[in-house]
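Chain A is the first sequence line, chain B the second, and so forth, proteins listed ahead of strands; every chain is numbered from 1.
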There are 2 protein chains.
Amino acid sequence: MTNRPMVALEGGGTLVDTAYSSLRRDIISGERPAGERLRIEKLKTLYGIGPTPLREALQKLAQDGLVVTEGNRGFTVAPLDPAEFEDLNQARIAIEKAALTLSIARGGDAWEARVVAATYLMDKEDTALPQATDGVPDSWERANTEFHTALVSACGSAWLLRVRIGLHDLCERYRRASVYQRLGSRDLSSEHSAIATAALARDVDRVCALTEAHFALTALALRDATDLGEERIRAER
Amino acid sequence: MTNRPMVALEGGGTLVDTAYSSLRRDIISGERPAGERLRIEKLKTLYGIGPTPLREALQKLAQDGLVVTEGNRGFTVAPLDPAEFEDLNQARIAIEKAALTLSIARGGDAWEARVVAATYLMDKEDTALPQATDGVPDSWERANTEFHTALVSACGSAWLLRVRIGLHDLCERYRRASVYQRLGSRDLSSEHSAIATAALARDVDRVCALTEAHFALTALALRDATDLGEERIRAER
DNA sequence: AAATTTAAAAGTGTCGAGATAATGAAATTA
DNA sequence: TAATTTCATTATCTCGACACTTTTAAATTT
């Protein structure tokens with residue numbers, strides 16, 4: 001009845017949180033390209049946030065691996081290194097398989113239902129994808145995220161899922177940076193439904209194998225697109 | 001030949017780094033117990049570091065999961081929740097198994113040699129452990145860390161190893177908080193050598209099973225020690 | 001005793017100044 | 001001329017003080 005905090009309309013609670021999520025979003029999306037120097041003064045005007053919350057947010061991002069901070073040379077957006085992407089992708093696949101294994105072993109009716117629902121929506125987006133004019137639509141991205149999230153949702157470990165998200169976002173930046181995303185040449189609908197079918201059949205090995213191939217294909221396509229933003233940002237003054 | 005940066009002798013580079021590692025060490029060791037309020041003013045005098053680097057370090061630790069920061073209520077050491085430990089342990093075991101699988105598949109002569117060396121030292125410590133008077137000696141801890149690290153060292157993904165370390169440190173805090181560590185009642189020497197033998201024989205399934213049991217036993221012992229520092233720190237003024 | 005109001009405490013964010021380190025340019029030396 | 005050293009500029013880092021907000025505790029009222 002009294003004056004409540006009015007709810008955070010947008011940006012959550014503290015300025016550190018808003019700075020963190022804004023920067024995170026912009027770095028992953030590529031709006032803040034790899035190698036860019038993140039000078040506090042510039043960010044201050046860009047995001048309308050003071051230096052203290054900005055520094056704290058940058059330190060958090062450094063912990064995530066999205067920002068690097070070397071000695072007394074300020075902050076920069078983490079570089080995009082093909083070798084690191086291989087590394088990252090291996091870790092991601094390993095964790096995805098572990099989560100899938102646990103989830104399939106433990107998932108109950110609710111899990112099955114969620115998987116079925118996600119697969120249904122995914123299939124709709126997959127079949128509509130070839131008609132898409134400009135790039136991959138946002139709705140497809142959301143369906144894809146939910147599809148894979150649903151599969152691992154019953155793994156039973158919030159920490160495993162948290163780690164999974166972290167690596168996913170790191171990979172996401174690489175994916176976004178890749179100019180040539182020829183998803184069109186793949187039969188995503190088949191790939192996804194095969195995974196879902198195997199999951200509901202509790203065929204762990206098959207799900208893992210299919211998922212690994214699924215991820216590896218994306219990685220391969222990205223690898224072939226030789227440069228992923230080789231426009232090194234050097235002069236910045 | 002010219003004047004190199006002289007190397008960071010101790011304390012690393014910035015004060016943020018020293019604050020981060022100091023706090024991290026103290027939180028994991030239990031010197032800063034779970035639930036303790038981390039007031040900047042107090043930490044300032046404790047560590048002799050100003051408020052700015054302290055806040056940044058605390059934000060990094062919050063990202064690690066060792067510190068929680070809720071709304072505008074400052075920082076506190078993350079609570080020790082038995083349920084979270086289960087969760088954490090599951091994630092840790094899953095990642096350890098994934099890393100082991102990759103490492104065993106890829107390890108070469110150098111890896112085998114490292115495993116053999118680590119096993120040799122581990123065995124020495126394991127047999128000497130029962131004679132230890134006060135708790136687990138530091139040398140045993142080091143040998144144990146190197147033993148398990150050696151096994152996964154050839155997994156090929158620095159990120160997987162990084163994640164592994166993070167979860168390990170989180171679990172470490174739970175382990176340290178447990179009063180009753182009855183390692184004495186276990187035949188660690190046998191457990192370790194069995195793992196090493198299976199690893200060198202490239203028997204992935206066996207290594208994973210043994211390692212899982214190995215970890216699960218520690219978790220079980222910790223779980224039985226009902227309270228892991230239930231002395232809730234409440235009044236703090 | 002319960003609830004509201006009031007006051008104190010703690011946390012967050014801004015600003016500006018000073019210390020330290022890194023970068024780049026000029027000057028010296030080989 | 002090339003390489004090294006010296007110097008000046010710049011930027012980052014750190015501190016402390018102050019304003020503002022939220023939380024927490026106490027006091028008052030009902």
Original post:
Taking only side-chain nitrogens and oxygens of B:Arg73, does any of them come within less than 4.0 Å of OP1 or OP2 of C:dA10?
Top reply: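 For C:dA10, OP1/OP2 do not have a side-chain N/O of B:Arg73 under 4.0 Å.
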
Subject >> Contact under 4.0 Å: B:Arg55 side-chain N or O vs D:dT14 OP1/OP2 >> reply: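 Indeed not, no polar side-chain atom of B:Arg55 lies that close.
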
Original post:
Which sits closer to the 5' end of DNA chain D, A:Gly71 or A:Thr52, going by the nucleotide each is nearest to?
Top reply: A:Gly71

**OP:** Using heavy atoms to find the nearest nucleotide of DNA chain C for A:Asn72 and A:Gly50 separately, return the residue whose nucleotide is more 5′.
**Re:**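 Result of the comparison: A:Gly50.
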
What is the separation between atom [atom1] on [X] and atom [atom2] on [N], rounded to the nearest whole Å?
| X | N | atom1 | atom2 | answer |
| --- | --- | --- | --- | --- |
| B:Lys44 | D:dT14 | NZ | P | 15 Å |
| A:Arg39 | D:dT10 | CZ | C1' | 9 Å |
| B:Leu58 | C:dG13 | CG | P | 14 Å |
| A:Glu56 | D:dC13 | CD | P | 14 Å |
| A:Gln59 | D:dT12 | CD | C1' | 12 Å |
| B:Ile40 | D:dC15 | CD1 | C1' | 13 Å |
| A:Leu15 | C:dG11 | CG | P | 17 Å |
| B:Phe75 | C:dG11 | CZ | C1' | 9 Å |

**OP:** Could you check A:His148 against A:His214 for ring-ring contact (aromatic ring centres under 6.0 Å, His included), going step by step and ending with a plain yes or no?
**Re:** CA-CA 11 Å; A:His148 291 289; A:His214 184 67; 5.2 Å; yes

Original post:
Is there a donor-acceptor pair closer than 3.5 Å between any side-chain N or O of B:Arg173 and the backbone N or O of B:Ala78?
Top reply: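 Yes, because the side chain of B:Arg173 sits within donor-acceptor range (under 3.5 Å) of the backbone of B:Ala78.
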
Subject >> Residue pair A:Leu58 / A:Thr69, side-chain heavy-atom distance below 4.5 Å >> reply: no

Original post:
Does any non-hydrogen side-chain atom of A:Leu23 lie less than 4.5 Å from one of A:Leu54?
Top reply: yes

**OP:** Determine the contact category for B:Ile49: base if any of its heavy atoms lies under 4.0 Å from a base atom, sugar-phosphate if only primed atoms, P, OP1 or OP2 are that close, otherwise nothing.
**Re:** sugar-phosphate

Subject >> Minimum-distance nucleotide (side-chain atoms of A:Thr14 versus D:dA11, D:dT14, C:dG13) >> reply: C:dG13

Original post:
Could B:Arg114 and B:Glu146 be called an ion pair, given the rule that one side-chain N must be under 4.0 Å from one carboxylate O?
Top reply: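 Yes, charged N to carboxylate O under 4.0 Å.
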
